[in-house]
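As the structure is a computational prediction, the values presented were derived from the model and not from experiment. Proteins come first, then strands; the chains are lettered A, B, ... in the order of their sequence lines, and each starts at number 1.
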There are 2 protein chains.
Amino acid sequence: MKKKTTIGDIAQQLGISKTTVSFVLNGKAREKHISESLEKKILDHITKVGYQPNQFAQGLRSGKTKIIGMMVEDISDPFFSSVARLIEENAYSRGYKIIYCSTENDTQKTKDLIQIYRTRQVDGYIIAPPPGIEKEINDLIDDKLPVVLFDRTIPGVETSNVVVNNYEAANDAILHFIQNGYRNIGMVTLNSDQVQMQERQEGYIDALKRIKAEPVIKKIIYHDDKENSIREIQSFLTENKQLDAVFFATNYIADNGLESIRNLKLIIPNDIGVIVFDDHNLYRLFTPSITAISQPIREISENSINLMLEMLEDDYDFSSVKSVLLKSSLIVRESSLAKG
Amino acid sequence: MKKKTTIGDIAQQLGISKTTVSFVLNGKAREKHISESLEKKILDHITKVGYQPNQFAQGLRSGKTKIIGMMVEDISDPFFSSVARLIEENAYSRGYKIIYCSTENDTQKTKDLIQIYRTRQVDGYIIAPPPGIEKEINDLIDDKLPVVLFDRTIPGVETSNVVVNNYEAANDAILHFIQNGYRNIGMVTLNSDQVQMQERQEGYIDALKRIKAEPVIKKIIYHDDKENSIREIQSFLTENKQLDAVFFATNYIADNGLESIRNLKLIIPNDIGVIVFDDHNLYRLFTPSITAISQPIREISENSINLMLEMLEDDYDFSSVKSVLLKSSLIVRESSLAKG
DNA sequence: TAGCGTTCCTAAACAGGTTTACTAAAGGTT
DNA sequence: AACCTTTAGTAAACCTGTTTAGGAACGCTA
C-alpha cells in the first residue's frame with residue numbers, strides 16, 4: 001500500500017512550510033495573510049495530487065470527529081431505519097458520518113452505548129431515548145455535547161428535539177373511526193410511560209369523550225416474547241367482545257395485533273376496524289388494506305440533522321432549545337371503513 | 001467538561017513513565033519485562049480512575065480504528081437492516097463499531113463511499129457489492145485491507161464471502177409450485193447481472209425444464225419509479241395470461257408485484273400462485289399468506305463478522321479465501337397452494 | 001532615520017498515544 | 001575481576017495535523 005500523502009509532503013513539494021498549507025486548507029488564508037497567488041498554488045497542487053488529510057491527526061488536535069452518534073430503538077424497525085437512512089444521506093453530503101446503534105429501548109444497554117460513544121468522542125448525539133436515562137442525557141448536555149432527541153422527549157431534559165403531533169394524530173384516528181360508525185374502540189399500546197406513548201393514549205381517550213365512551217386499553221410488554229404478545233392481544237379481544245374497532249399504538253404491536261385478529265378469524269373491517277400508528281408500504285396491500293397514521297419521515301430526518309448541525313457550530317448558544325413539532329397524517333384505507 | 005485523563009496523568013500519578021503504562025495496557029507486560037506487581041498496580045489504578053485511551057492518538061500511531069465499514073444495498077430494506085442489526089450487536093460486543101451506509105446499488109455512489117471509508121481509515125469492509133466495482137474492491141484487497149462480501153459475490157474478486165444457496169432455493173420454490181399443480185410459472189426479477197440474481201434465475205429456469213416448460217421472465221429496473229415498476233409488472237401479467245404462478249426474485253419486487261396483482265384483481269392463489277424470495281413477517285398476515293424463501297439472517301450475520309474478525313488478526317494469511325454457503329429455506333404458506 | 005504597522009510566512013509546540021533504542025542494576029560465568 | 005545476559009524500566013522519537021508566537025521585509029509617518 002503506497003504511503004499516504006501528508007501535509008508535510010505537500011509543503012515539501014512546494015518548498016513552503018506545512019503551517020501555510022494548513023492555514024490555506026482551513027480557509028484561514030485571508031486571516032493569516034497568505035497571498036492569493038500562493039493560496040491558489042497550494043489549492044491547485046492539492047487537487048492535483050488528491051491529498052486527503054488524516055482524520056486522526058485532525059481529531060487529535062481539534063477534538064472533533066465529524067461523527068454523529070445516532071441511537072434508534074431498533075434499526076430493523078421500518079420507521080427507524082427509514083429515518084436513519086435519510087439522516088445518513090443528508091449528513092454524508094454535509095461532511096458528517098453517522099454511527100448507528102439500536103437501544104432496544106433498554107436503559108442499561110443505552111447507558112453502555114452512550115459510554116461507548118463518549119469514549120469514541122462523537123461530536124453529537126441524535127437519540128430516540130428509552131426511559132430512565134435522564135441523568136446520562138443531562139450529563140451529556142452539561143458537558144456541552146450537542147444532543148437532539150427525536151420521536152420522543154424526556155421530562156426533565158431540556159434539549160433540541162423533533163417530535164410529531166402524537167396526541168392530535170391519535171385523536172384524529174379515533175374520530176375517523178367514530179365518523180365511520182364505530183363506537184366501541186379499544187387500544188393496544190405498550191406498557192410504557194414514554195411521552196410519545198402517553199400522548200397517543202391521551203389522544204385516544206379524549207376522542208372517546210366526544211361519544212361519552214369509556215377507554216378500553218390493553219398494554220403489552222415491549223420485550224415480551226412475540227408469541228406471548230399475540231396471546232395477550234387475543235385474550236384482550238376475546239374478553240372484550242363488544243369492541244368493534246382497535247387502535248394499535250405502534251408498528252410492532254400492530255404486527256402482533258393483526259396476527260391475533262387473524263387467529264380469531266375476525267373480519268376486518270366488519271367485525272373489527274383497525275388503525276395502526278406508523279404506516280408500512282405493505283399495509284396498502286393487505287386485504288383489506290390497513291388504515292395507518294403516517295409519520296413525516298423525511299421531515300423528521302431533515303429537522304433532526306439540521307438541528308444537530310446548528311448545535312455543532314462554534315458559536316452555538318446552548319441555552320436556546322428548539323423544539324420542532326411535525327404533523328403526522330391519517331392515511332385512510334379499507335380497514336377503518338365499516339362499509340369497506 | 002472536566003479534562004480527560006491521559007496516559008501521562010496515569011504515569012505521573014504512579015510516578016512511572018507512560019511507556020510502562022502503555023506496555024501494560026497493550027498486554028505487553030511480559031514481553032517487555034514489566035514486573036507483575038507493577039502491572040497489577042497500574043491495572044488497579046486505571047480501573048479506579050476509569051481511564052479511557054484517546055482513540056485518535058491510538059489511531060494516529062497504530063493506523064487502526066476499530067471501525068468496520070458496512071455497505072448494504074439499502075438500510076431501510078428489511079433483509080439488510082436485520083443483518084446489519086445483528087452484525088452491529090455482535091461487533092460491539094467484540095470491541096468493534098460498525099459504520100453503515102446504503103449503496104442503493106449505485107456504482108458511482110459506492111465508489112464515493114469506499115473513498116470516504118478509505119479516508120476514514122476503517123479497518124475492514126463488509127459489503128453487499130453493487131455491480132461494476134471489481135476494480136475498487138480489488139484495490140482494497142491489493143492494499144491488504146480485509147473485505148468480506150455478503151449476499152452476493154463479484155466475478156473476478158477473490159475474497160472471503162458469505163452467500164446463500166440462491167440456485168437451490170429458487171429451484172425448490174419452483175418445484176414446490178409444480179407439485180401444487182402450477183404449470184405456467186413466470187418470474188419477475190431485476191435487470192441485473194449480479195450473481196445472486198443470476199443464480200435465482202437459473203434455479204427457476206432449470207426447475208422448469210423438469211416439466212419441459214419455457215421460462216417467462218420479466219426484468220424490471222432497480223431504480224425505476226415505483227409506479228412505473230407496478231405498471232410494468234401489470235403489463236407483463238396481462239400480456240401473459242397463461243401464467244398461473246409468479247416468482248418474485250426480491251423483497252422489493254414483490255412489494256410492487258403484489259400491488260400489480262391486486263390492481264388486476266387477480267385472486268391468489270387460484271388465479272395466480274405467488275412465491276417471494278426473502279421473507280417478511282407481514283407476509284404471514286396477508287390474505288392469503290405469502291409463501292417465501294427465508295434467508296438465514298442470523299447465520300449470515302455471524303459468519304460475516306466472524307470472517308471479518310479473522311481477517312483483522314495480525315497474522316492473517318491473505319491468500320486464504322473462505323467462502324461460506326448457507327441454506328435458505330422455503331416457508332410454505334397459502335399463496336402457493338392452489339387448493340389453499 | 002527611528003519607530004510603527006502591515007503583510008506574508010515559518011519554526012516549534014502541541015494533542016495523546018505507541019514504539020524504538022537505550023540504561024541501570026542484578027545475576028551468572030569463567 | 002572482567003564479561004556477558006537478563007530483567008525492569010525509561011527517554012525520546014514518532015504519527016500528522018493545528019495553532020501559537022514570532023521573524024523578515026516593506027512602506028509609511030513624524
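When the side-chain nitrogen and oxygen atoms of A/S22 are compared with OP1 and OP2 of D/dG17, none of them lie within a distance under 4.0 Å. For B/Y51 and C/dG16, the shortest distance from a side-chain N or O to OP1 or OP2 is not below 4.0 Å. Regarding contacts with the backbone of D/dT16, every side-chain N or O of A/Q58 stays at 4.0 angstrom or more from both OP1 and OP2.
A/F23 comes within contact range of at least one nucleobase, with a heavy-atom separation under 4.0 Å. Within 4.0 Å of A/K64, counting heavy atoms only, lies no atom of the nucleic acid at all. A/L25 comes within contact range of no nucleotide atom at all, as no heavy-atom separation falls under 4.0 Å.
Shown for residues 30-39 of chain B: residues whose heavy atoms fall under 4.0 angstrom of DNA chain D, namely B/K32, B/H33, B/I34, B/S35, B/L38.
Scanning both residues, B/T159 and B/N161, for their nearest heavy atoms gives O-ND2, 3.0 Å. B/V24 approaches B/E39 most closely through the heavy-atom pair CG1-CG, 3.8 Å.
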Do any N or O atoms of the protein come closer than 3.5 Å to N or O atoms of nucleotides 12-14 of chain D, and which pairs are they?
| unit_1 | atom_1 | unit_2 | atom_2 | d |
| --- | --- | --- | --- | --- |
| D/dA12 | N6 | B/T19 | OG1 | 3.3 |
| D/dC14 | O2 | B/R61 | NH1 | 2.4 |

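If you measure from atom CD1 of B/I16 to atom P of C/dG17, you get 14 Å, rounded to the nearest angstrom. Separating the CD atom of A/Q12 from the C1' atom of D/dG17 is a distance of 16 Å, rounded to the nearest angstrom. Computed from coordinates, the A/I10 CD1 to D/dG17 C1' distance equals 13 Å when rounded to whole Å. Regarding B/I7, its CD1 atom lies at a distance of 19 Å from the P atom of C/dC14, rounded to whole Å. For B/D9 and C/dA15, the CG to C1' distance is 13 Å, given to the nearest whole Å. Straight-line distance from the CD atom of A/Q55 to the C1' atom of D/dT16: 12 Å, rounded to whole Å. Whole-Å rounding puts the B/F56 CZ to D/dT18 C1' distance at 14 Å. What separates CG of B/N26 from P of C/dG17 is a distance of 11 Å, to the nearest Å.
Sequence neighbours left out, the pairs with a member in residues 150-159 of chain A that pass salt bridge (charged side-chain N to carboxylate O under 4.0 Å, His left out) are A/E73-A/R152.
Here B/R94 pairs with B/N90, B/N306 under the side-chain hydrogen bond (donor to acceptor under 3.5 Å, both in side chains) rule; sequence neighbours left out. Taking the side chain to side chain contact (heavy atoms under 4.5 Å, CB included) definition, one finds that B/D317 meets it with B/S319, B/S320, sequence neighbours left out. Checked against salt bridge (Lys or Arg N to Asp or Glu O under 4.0 Å), B/D74 has the following partners two or more places apart in sequence or in another chain: A/R85.
Both tests hold for A/K66 against A/Y96: distance to the six-membered ring centre under 6.0 Å, angle to the ring axis within 45°.
Ranked by how close their nearest DNA chain D nucleotide is to the 5' end, B/T20 and A/N54 are led by B/T20.
A salt bridge links B/E310 with B/K322: at least one charged nitrogen is closer than 4.0 Å to a carboxylate oxygen.
Using a 3.5 Å distance cut-off with no hydrogens or angles, the side chains of B/T107 and B/T110 do not pair a donor with an acceptor.
To the nearest 0.5 angstrom, B/I297 atom CD1 is 4.5 Å from B/S82 atom OG.
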